[in-house]
Amino acid sequence: MNEKNHDMTSTITVTVNGTEYTRTTEDRTLLVHFLREELGLTGTHQGCVVGKCGACTVLHEGVPKKSCMLYAAQVDGDDLTTVEGLADIAESEGVDLETREGATLHPLQMGFKEKHGLQCGFCTPGFLMTSYALLEENPDPSEEEIKSAISGNICRCTGYNSIVQSIQWAADELEGGSQETEATTDGGVPTGGCGADCCCQAGGDFDE
Ligand code: FES
Ligand code: FES
């Protein structure tokens with residue numbers, strides 16, 4: 001447990017994505033900085049750092065929390081899940097969703113890919129962790145329940161509809177559906193892109 005040192009540091013042990021880490025860290029270190037800088041888990045993004053955007057969301061004992069709102073020393077002895085853990089969860093649950101490159105994705109990650117739930121991707125880890133917790137608690141959420149669950153996460157790119165559809169896609173997949181995935185070009189970019197109105201179409205036709 002938390003071993004208090006005399007120089008404003010503490011030695012803490014946390015389990016992240018099933019791996020136990022013991023580190024001595026400054027008492028003022030935010031959890032988001034601890035994950036990124038001391039454990040090298042940079043999938044958790046740092047946005048506003050004042051609890052507004054949700055980009056830093058991780059699961060703390062299964063509950064989505066904004067990791068910029070916690071000190072690392074506060075989670076000593078606890079269990080955390082970050083976006084890096086989603087693929088392992090998928091594999092442990094026998095999910096078989098692979099990218100063209102052969103990487104296993106959690107249905108939520110695949111849903112965001114299939115339904116264009118991201119553009120720049122900065123907000124995506126937070127949305128994934130928030131929606132993972134939602135589907136754990138409510139496997140068949142309504143559109144309104146999804147919107148309510150993700151209300152603490154901000155995206156500047158997508159307009160949110162595609163994010164809601166991505167979560168619905170994942171819920172259907174987890175319910176046992178084996179859904180059609182779109183044909184892809186190199187790099188897993190869906191043929192046809194996001195539609196004629198999307199900024200991603202500015203560079204030309206994906207089919208070329
Ligand atoms: S970085 Fe934590 S809520 Fe924005
Ligand atoms: S995809 Fe760019 S902020 Fe959400």
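Whatever order the structure lists ligands and atoms in, that order sets their numbers, starting from 1.
- For ligand 1, the atoms sitting less than 4.0 Å from at least one non-hydrogen atom of C53 are 1 (S), 3 (S), 4 (Fe), numbered in the order shown with element in parentheses.
- For atom 4 (Fe) of ligand 1, the N/O/S atoms of C48 include one lying under 2.8 Å.
- Judged purely by atom type and a 3.5 angstrom limit, T124 uses its side chain to pair as donor or acceptor with the backbone of G121.
- Interface of C56 with ligand 1, defined as ligand atoms under 4.0 Å from a residue heavy atom, comprises 1 (S), 2 (Fe), 3 (S).
- Near K52, the atoms of ligand 1 lying under 4.0 angstrom from a non-hydrogen atom of the residue are 3 (S).
- Surrounding CD of E137 are at most 12 heavy atoms belonging to other residues, nucleotides or ligands under 6.0 Å away.
- For ligand 1 and G47, the ligand atoms under 4.0 Å from any heavy atom of the residue are 1 (S).
- Of all atoms in ligand 1, listed by their number and element, those nearer than 4.0 Å to a heavy atom of C68 are 1 (S), 2 (Fe), 3 (S).
- Although no hydrogens or angles enter the test, the distance criterion places no donor-acceptor pair under 3.5 Å between the side chain of Q165 and the main chain of S162.
- Atoms of ligand 1 found under 4.0 Å from any heavy atom of G51, numbered from 1 in the order shown, are 3 (S).
- In terms of heavy-atom proximity, A72 sits nearest to T25 at CB-CG2, 4.4 Å.
- With hydrogens and angles disregarded, a donor-acceptor distance shorter than 3.5 Å links the side chain of S92 to the backbone of I89.
- A distance-only check finds no donor-acceptor pair linking the side chain of R36 to the backbone of L41 [under 3.5 Å].
- By the 30° and 60° cut-offs, the orientation of the rings of H106 relative to Y132 is perpendicular.
- In summary, the side chains of E84 and T82 do present a donor paired with an acceptor at a separation below 3.5 Å, with no hydrogens or angles considered.
- Considering CD1 of I163 and SG of C155, their distance stands at 4.0 Å, rounded to 0.5 Å.
- Of the possible donor and acceptor atoms, one in the side chain of N153 sits under 3.5 Å from a partner among the backbone N and O of G54.
- Around atom 2 (Fe) of ligand 2, protein N, O or S atoms at a distance under 2.8 Å total 2; waters are neither shown nor counted.
- Comparing I154, V49, L31 against atom 1 (S) of ligand 1, the shortest heavy-atom distance belongs to V49.
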